[in-house]
4 protein chains.
Amino acid sequence: MKLSAQSKADKRQAILDAALRCFSRDGFHATTTGDIVREAGVSQGALYLYFRSKDELILALADDRRRSDALIAVLVAHEDDPLRGVTELMELYGRSLIDPQTREIRRVAVQGWAEALRSEAIRDQTLRAIAEVRGLIVETIRKGQESGLFRAEVSAAALADILIAAFNGLTLRTAWGEALDLEPVGQTLAEMIRRLLLPS
Amino acid sequence: MKLSAQSKADKRQAILDAALRCFSRDGFHATTTGDIVREAGVSQGALYLYFRSKDELILALADDRRRSDALIAVLVAHEDDPLRGVTELMELYGRSLIDPQTREIRRVAVQGWAEALRSEAIRDQTLRAIAEVRGLIVETIRKGQESGLFRAEVSAAALADILIAAFNGLTLRTAWGEALDLEPVGQTLAEMIRRLLLPS
Amino acid sequence: MKLSAQSKADKRQAILDAALRCFSRDGFHATTTGDIVREAGVSQGALYLYFRSKDELILALADDRRRSDALIAVLVAHEDDPLRGVTELMELYGRSLIDPQTREIRRVAVQGWAEALRSEAIRDQTLRAIAEVRGLIVETIRKGQESGLFRAEVSAAALADILIAAFNGLTLRTAWGEALDLEPVGQTLAEMIRRLLLPS
Amino acid sequence: MKLSAQSKADKRQAILDAALRCFSRDGFHATTTGDIVREAGVSQGALYLYFRSKDELILALADDRRRSDALIAVLVAHEDDPLRGVTELMELYGRSLIDPQTREIRRVAVQGWAEALRSEAIRDQTLRAIAEVRGLIVETIRKGQESGLFRAEVSAAALADILIAAFNGLTLRTAWGEALDLEPVGQTLAEMIRRLLLPS
DNA sequence: TATGAATGAGACTTCATTCAT
DNA sequence: AATGAATGAAGTCTCATTCAT
């Protein structure tokens, strides 16, 4: 009985979802494949019909592609309004930090950071995602500078790195369950960027 | 042959050093106690004369107390010159990020972040260290505001969180071995802080 | 390849049998799980598919349920003939003491007695089995007393305890491999009981 | 500094006492030499100055020589009054069963029974002690038979075995901490012996 | 395609004993 | 004689992966 492509994809996704829950709860290493198949309601063997190994499952969940895609989309959407682009980027990031739906994803992402230290595949994937977002931030700032909107003395690359670093640092804090008051943090960061970029 | 407190501490430290090298290279979980004792040049049993378990070893290495202590020292040293305090803090942090000697520590710290998601002991320890640094940053900024040096409208807490987040984010990037050009990053961040805090 | 309940029970029993042989030969503590799986012809991991731990295996073998069940059956079978019941009980017990097939069981039972000192689970199980047999012996004697067959002055409980104590003591002696001549022992004990219970 | 023979013997005894407490509490195998030296307040190495190995310590405590010596003394003391000898034997045994001071000894003795299954040295020692007591009981009964006091038809050897078996079985029950009511048990057993031995 | 029993390497930890001091 | 740090073999149990059905 051949499974339709649809139900095959469904089952694969069900396993991924189960793995995300397990990894978020217990971490990559304390999670056993037994935990995952139990959570997914499939058989032990089924896991290996859809994934080559536990590591492949980790790799598939180690970065948060959905988030970086969203960030990229925002920057692209506002490419003719650099200030708006940067502002919206921060808005979006801030919202994602407090969205309870992405809590598991953020926790797993932090674990992915640790795994990226050891696994070249995970590191490549993670760095590529960061580089992509970073590239677009740089481009956005450059555009603002070229149009005379932003101060030309500012290093676009440095600012991009600072933004990404701050984002990652905040992701970390919220992943730990700390109740950060993100409202003033967002406003203060926005103010810092404005004062840096806009001519006084 | 009763060991002196000194030589006992030395041996304990030798094991810690070996564990740090192993953890940095292979991660907490892929490192076996066998790896550690081989690296330390002691017997399997010796490990348990100095540590109750592998977990205790992980806990002992999961945060980077030396770094947070140094940060605190800097802030305390310049408590009558808030602007200098914040600047020196950034200097120190920046230097530590490129110091090859602390590379292993930074790699292990990132793994500690992931472990902190699962282990209450590690999380407590990590959050406590962060809270301590954060508290001193807030205090330093407040002092500057009270003396009229800094703009009173700025949220000291928010700025402290942003700084810490950026620091952590940069630690992460350097832990991965990325060759960040930290010079402009540091200058840009300093400029952002000055423009935010100092009256224009 | 879902195992049928039958073959699952069979395999469990095969491991139990192997463990019995090992425990009888080397004792609970000198027997390793490696010994057991080798004797059973299964893999290390297989043991843990059928038993949660080595302790569970010990618990499962620590008392001799088959023997106490047989004793109970005898007493129940002759509940309308108390003298016969007691006599048959002794017969059965005596036969079991010299049955080479139960030699391993008796050796393991003695070890269970020692384990019962430390393990509440084993002690509970052992005491429960004894209490059950004891209760039936008491009841049988009481019945004989009520019908006027046995002397009413005899403490049924005390006699039951004496019988059980003697049985256990004899089990111990035979477990050690001593060549007791059980024939006269049985006859003498029977004579003691008759002279105690029957009106002279 | 040469230790006097006295203090050497004292220290040896202190270790034995500590071992008895540990063995009684945790069993031979769950007790570590570390437990014993801690309980005795001596150093790890000291143990091996007084005993060749842990096994030697077990052997030294595995049987209850003090009890069997006392039993023998009673029988010898009344060798010209066989009935009295047997009665006193039972009295003494009964008292020892409820003496809280010998509780640890009885618990360790039961463990010795299990060890005797595996260790030839312990088995020899245990069987020898039993044989000694048994021999004296047989002799006592024989004497009574020869003097016409006891019925000649009774098998002295069988009765001795029954008595010893009952004693051991009762030791077992009390070692488990069961609150047996030994008063009626003793009386009933005495009655059984009288009725068996004395001409009606 | 799907199952889940089976595998067996290997991880962590303990512990009786030794031996340098 | 005495100490206690050190040893390292060995034990129990787990778990990612395979494969017969």
Side-chain angles (χ1 to χ4, degrees), chain A residues 1-4 7-8 11 28-38 42-58, chain B residues 1-4 7-8 11-12 29-38 41-58, chain C residues 1-4 7-8 11 29-38 41-58, chain D residues 1-4 7-8 11 29-38 42-58:
Chain A
M1 183 182 80
K2 188 163 161 50
L3 239 55
S4 70
S7 87
K8 189 170 152 120
K11 199 151 181 182
F28 291 145
H29 300 284
T31 296
T32 70
T33 56
D35 294 334
I36 296 169
V37 299
R38 201 175 316 115
V42 303
S43 71
Q44 194 71 239
L47 183 63
Y48 291 86
L49 294 175
Y50 297 92
F51 298 91
R52 223 186 310 280
S53 67
K54 184 186 174 187
D55 275 348
E56 192 177 303
L57 215 36
I58 293 177
Chain B
M1 53 174 180
K2 175 108 176 149
L3 239 53
S4 69
S7 63
K8 197 174 150 94
K11 194 137 188 189
R12 198 186 134 95
H29 300 284
T31 296
T32 70
T33 55
D35 294 334
I36 296 169
V37 299
R38 202 175 314 115
V42 301
S43 69
Q44 280 280 358
L47 180 62
Y48 293 87
L49 292 175
Y50 296 92
F51 297 91
R52 234 185 304 281
S53 67
K54 185 188 172 186
D55 274 350
E56 190 176 304
L57 214 38
I58 292 176
Chain C
M1 53 175 182
K2 176 108 175 149
L3 239 53
S4 69
S7 63
K8 197 173 151 94
K11 194 137 189 188
H29 300 284
T31 296
T32 70
T33 55
D35 294 335
I36 296 169
V37 299
R38 203 176 313 114
V42 301
S43 69
Q44 279 281 358
L47 180 62
Y48 294 87
L49 292 176
Y50 296 91
F51 298 91
R52 235 186 302 283
S53 66
K54 186 188 172 187
D55 275 349
E56 191 176 304
L57 215 36
I58 292 177
Chain D
M1 186 181 77
K2 189 163 160 51
L3 239 53
S4 71
S7 88
K8 191 170 150 118
K11 199 148 180 181
H29 300 283
T31 295
T32 70
T33 56
D35 295 334
I36 296 169
V37 300
R38 202 177 314 115
V42 302
S43 71
Q44 193 73 240
L47 183 63
Y48 291 85
L49 295 175
Y50 297 93
F51 298 91
R52 224 186 310 282
S53 67
K54 185 187 173 187
D55 276 347
E56 192 177 302
L57 215 37
I58 292 176

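Side chains included, hydrogens not; waters and symmetry mates left out as well; all remaining heavy atoms used. Proteins come first, then strands; the chains are lettered A, B, ... in the order of their sequence lines, and each starts at number 1.
Here C:Lys11 does not reach the OP1 or OP2 of E:dA5: none of its side-chain N or O atoms lies under 4.0 Å away. Taking side-chain N and O atoms only, B:Tyr48 has no distance below 4.0 Å to OP1 or OP2 of F:dA6.
Rounded to whole angstrom, the span from the CG atom of C:Leu47 across to the C1' atom of F:dC13 amounts to 9 Å. Distance C:His29 NE2 to E:dT14 P: 17 Å, rounded to the nearest Å. Straight-line distance from the CD atom of D:Gln44 to the P atom of E:dA16: 8 Å, rounded to whole Å. With rounding to whole Å, A:Asp35 atom CG is found 12 Å from F:dT14 atom C1'. Straight-line distance from the CD1 atom of D:Ile36 to the P atom of E:dT14: 18 Å, rounded to whole Å. Note: CD (B:Glu56) to C1' (E:dC12) measures 14 Å, nearest angstrom. One atom, CD1 of B:Ile58, and another, C1' of E:dC12, lie 12 Å apart when rounded to the nearest Å. We find that CZ of A:Arg38 is positioned 12 Å from C1' of F:dC15, with the value rounded to whole Å.
Nucleic acid contact for A:Thr33: base, since at least one base atom lies under 4.0 Å from a heavy atom of the residue. Contact annotation for D:Thr31: backbone-only contact, meaning every heavy-atom pair under 4.0 Å involves sugar-phosphate atoms and none involves a base. Backbone-only engagement by C:Tyr50 is indicated by non-hydrogen atom pairs under 4.0 Å involving sugar-phosphate atoms exclusively.
Across all non-hydrogen atoms, the minimal contact from B:Lys54 to B:Thr31 is NZ-O, 2.7 Å. Minimum interatomic distance between C:Tyr50 and C:Lys11 (heavy atoms only, all atoms of both residues): OH-CD, 3.5 Å. Summarising the geometry of C:Val37 relative to C:Gln44, their closest heavy-atom pair is CG1-CA, 4.0 Å, with the distance given to 0.1 Å.
Counting heavy atoms from C-beta outward, B:Leu49 and B:Val42 have side chains that stay 4.5 Å or more apart.
Of all nucleotides listed (E:dG4, E:dT13, E:dT7), E:dT7 comes nearest to the side chain of C:Ser43. The listed nucleotides are F:dA1, F:dC13, F:dT12; the one nearest the side chain of D:Leu49 is F:dA1.
The distance from the CZ atom of A:Phe28 to the CG atom of A:Asp55 is 10.0 Å, given to the nearest 0.5 Å. For the atom pair CD1 (A:Ile36) and CG (A:Leu57), the distance works out to 5.0 Å, reported to the nearest 0.5 Å. Rounded to the nearest 0.5 angstrom, A:Arg38 CZ and A:Thr33 OG1 are separated by 9.5 Å.
Remark on DNA chain E: of its neighbouring residues A:Ala46 and C:Gly45, the 5'-side contact belongs to A:Ala46, judged by nearest-heavy-atom nucleotide. Where C:Lys54 and A:Asp55 each meet DNA chain F at their nearest nucleotide, the meeting point lying more 5' is that of C:Lys54.
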Dot-bracket line, read 5' to 3' along DNA chain E, where crossing pairs take [ ] and | marks a partner on another strand, Watson-Crick or G-U under 3.5 Å: .||||||||||||||||||||

